[in-house]
Number of protein chains: 2
Amino acid sequence: MREPVTLLKSLPKYEVFLEDSKRFPELDASACYVFLQLLRTGDDLLAMDELILSSLGTRHGRFVLLMLLHKHGPGEMTPAELAEKTGVTRATISGLLDGLAKDGLVERRPDPQDRRITRLFLTEAGDQLLERVRPTYCEWFTSVIAPLTEDERKQLVFILQKLQQRLAELGARLPDSMHTAA
Amino acid sequence: MREPVTLLKSLPKYEVFLEDSKRFPELDASACYVFLQLLRTGDDLLAMDELILSSLGTRHGRFVLLMLLHKHGPGEMTPAELAEKTGVTRATISGLLDGLAKDGLVERRPDPQDRRITRLFLTEAGDQLLERVRPTYCEWFTSVIAPLTEDERKQLVFILQKLQQRLAELGARLPDSMHTAA
DNA sequence: ACCTAATTATTAGGTTCCTAACTATTGTCA
DNA sequence: TGACAATAGTTAGGAACCTAATAATTAGGT
């Protein structure tokens with residue numbers, strides 16, 4: 001019932017904006033096109049990523065959490081630190097941890113010093129899942145990038161970093177809301 | 001309470017995979033790095049996009065639907081066609097239309113010929129929202145792409161298309177599930 | 001010491017996405 | 001014609017995200 005994500009379509013979701021570039025002469029049509037391609041490729045990549053991870057019995061968000069928990073030692077991470085490293089809110093982390101704990105992949109234990117803090121531990125099962133999933137996942141994304149030449153990779157990374165810097169600039173001076181701390 | 005998305009962080013969400021490239025010699029470290037940068041830039045772009053659209057009083061999904069409804073004539077689109085064009089399921093379209101209808105931006109009317117079909121109409125308010133939001137939005141994404149030279153834009157689009165083709169190849173021969181029709 | 005601030009984690013409620021199941025209608029074809 | 005399949009749209013239930021409000025604990029200032 002579901003087509004392979006957006007993969008096989010021309011530029012369906014975003015094509016409408018290309019219309020606009022004709023009606024608004026002040027718009028840079030090339031910018032528009034580049035933007036849409038970028039948005040679309042990002043979408044597709046994320047979608048495939050979810051698909052792969054799902055077929056391996058996990059999900060993107062959970063997998064990233066397990067990786068982080070594995071990288072840092074047992075009991076070293078707290079929900080707040082996970083939120084900080086992943087860039088999602090603590091509320092989201094709470095939900096993800098609920099799922100991981102329910103599946104027996106992660107354990108929550110109170111910190112003896114500071115009773116506000118919860119310390120997180122990867123279980124044996126969590127570690128095994130990681131060992132099982134990681135090779136296939138790494139193989140997959142390597143094969144996605146494989147067609148790019150060394151030059152193309154350099155170009156791409158350079159351009160992406162330029163864009164990230166630009167996004168950071170634009171993000172820094174947003175209307176308002178958020179920005180509790182500098 | 002919420003930091004400006006992931007924008008100001010080094011490579012937080014994905015850095016963990018870079019560790020792996022050291023432990024798994026068969027992994028292409030450069031592929032890994034490129035992949036992470038791409039995933040991250042896509043994430044950031046989408047996040048900022050949501051942020052902009054939110055500050056303008058709408059959301060990405062809804063906005064795209066309104067654009068599509070505007071592009072095609074009144075009553076020309078059906079929920080199924082929107083699903084097809086946007087790449088999300090019909091169920092998702094139902095939910096989005098519920099929201100848009102509740103806000104009085106869109107109207108659903110039964111097709112007189114085929115009583116299974118619902119025909120969609122942009123209301124006056126829907127059209128006004130579009131007129132209000134579109135210029136700012138277009139201005140925004142133009143300014144995101146602005147720092148890229150003409151050469152860089154060409155390179156980027158070329159590389160992205162290469163990747164999309166690759167993703168389509170890889171997606172075509174997935175384990176199983178889905179693929180009801182060729 | 002005590003009252004207020006800040007911090008940790010969670011819960012509640014909303015959004016956008018999914019799959020799967022369902023209803024209503026239309027098309028097919030034996 | 002009459003059963004069966006296909007199609008349109010929705011509903012139900014779940015996941016990952018959000019904001020805002022909450023409870024518990026710690027830290028700071030006077």
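Residue numbers start from 1 in every chain, and the chains themselves are labelled A, B, ... in the order their sequence lines are given, proteins ahead of strands.
As judged by a 4.0 angstrom heavy-atom cut-off over every strand, A/Gln113 is placed among residues touching the sugar-phosphate backbone only. Contact annotation for B/Thr118: backbone-only contact, meaning every heavy-atom pair under 4.0 Å involves sugar-phosphate atoms and none involves a base. Heavy atoms of A/Arg119 sit nowhere under 4.0 angstrom from any nucleic acid atom.
Atom-to-atom, CG of A/Asp111 to P of C/dA9 comes out at 9 Å; the value is rounded to the nearest Å. Atom CZ in B/Arg90 sits about 5 Å away from atom P in D/dA8, given to the nearest Å. Rounded to an integer number of Å, the gap from CG of A/Leu96 to P of D/dA15 is 11 Å. Protein atom CG of A/Leu65 is 10 Å distant from nucleotide atom P of D/dA16, rounded to whole Å.
Screening residues 52-66 of chain A for salt bridge (Lys or Arg N to Asp or Glu O under 4.0 Å), with sequence neighbours left out, gives A/Glu50-A/Arg59, A/Arg62-A/Asp103.
Nucleotide D/dT26 forms no Watson-Crick or G-U wobble pair with any nucleotide shown, as no partner meets the under 3.5 Å limit on both distances.
Of all nucleotides listed (C/dT8, C/dT15, D/dA8), C/dT15 comes nearest to the side chain of B/Arg59.
Taking only distance into account, the side chain of B/Arg116 meets the base of D/dT7 through a donor-acceptor pair shorter than 3.5 Å.
Expressed to the nearest 0.5 Å, how far CG of A/Leu105 lies from CG of A/Leu130 amounts to 9.5 Å.
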